[in-house]
Amino acid sequence: MTRGLASATAALLRSSRAVPGVRPLASVRGDRGMSTAEYALGTVTACAFAAVLFAILTSDEVRATVTRIVTDALQIDG
């Protein structure tokens, strides 16, 4: 099964070279993973998102809402 898939892929690669805009699989394999710049951008984005979440979750409105929800949940009405 794998050998048939490999030969079908090879045939597709040979035929795709004639199609404009289609890159052969061999050139795509060199693009595995993220580059250092992409890691840096992802890290900065994650830190910015964490800062926004921290600001939202530590605001007085959210703190009051969470306190009210917990207080209401812990009250036992008999």
Side-chain angles (χ1 to χ4, degrees):
M1 174 89 180
T2 305
R3 200 173 288 274
L5 181 60
S7 63
T9 303
L12 180 63
L13 287 175
R14 284 190 299 274
S15 67
S16 67
R17 288 186 185 133
V19 179
V22 175
R23 290 177 17 185
L25 186 60
S27 68
V28 174
R29 287 188 181 165
D31 293 340
R32 273 191 264 170
M34 291 194 308
S35 68
T36 304
E38 290 169 331
Y39 275 117
L41 186 60
T43 302
V44 169
T45 304
C47 290
F49 183 69
V52 169
L53 277 179
F54 181 77
I56 290 171
L57 294 176
T58 57
S59 68
D60 292 334
E61 295 85 11
V62 172
R63 186 176 298 150
T65 302
V66 170
T67 302
R68 183 178 44 81
I69 289 171
V70 171
T71 302
D72 290 347
L74 293 177
Q75 286 180 351
I76 301 175
D77 293 330

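Only this structure's heavy atoms are used, side chains among them; waters, hydrogens and symmetry mates stay out.
- Listed here is the closest heavy atom pair of V62 and I56: CG2-O, 3.2 Å.
- Under a hydrophobic-cluster definition in which Ile, Leu, Val, Met, Phe, Trp and Tyr are linked whenever side-chain heavy atoms come within less than 4.5 Å, directly or via other members, V44 and L53 are assigned to different clusters.
- Rounding to the nearest 0.5 angstrom, the gap separating the OG1 atom in T65 from the CG atom in D60 is 10.5 Å.
- Placement of F54 and L57 in two distinct hydrophobic clusters is found when ILVMFWY residues are connected by side-chain heavy-atom separations under 4.5 Å, directly or transitively.
- Remark: L41 CG to T36 OG1 distance equals 12.5 Å, nearest 0.5 Å.
- In terms of modelled atom types and a separation under 3.5 Å, the side chain of Q75 and the main chain of D72 share no donor-acceptor contact.
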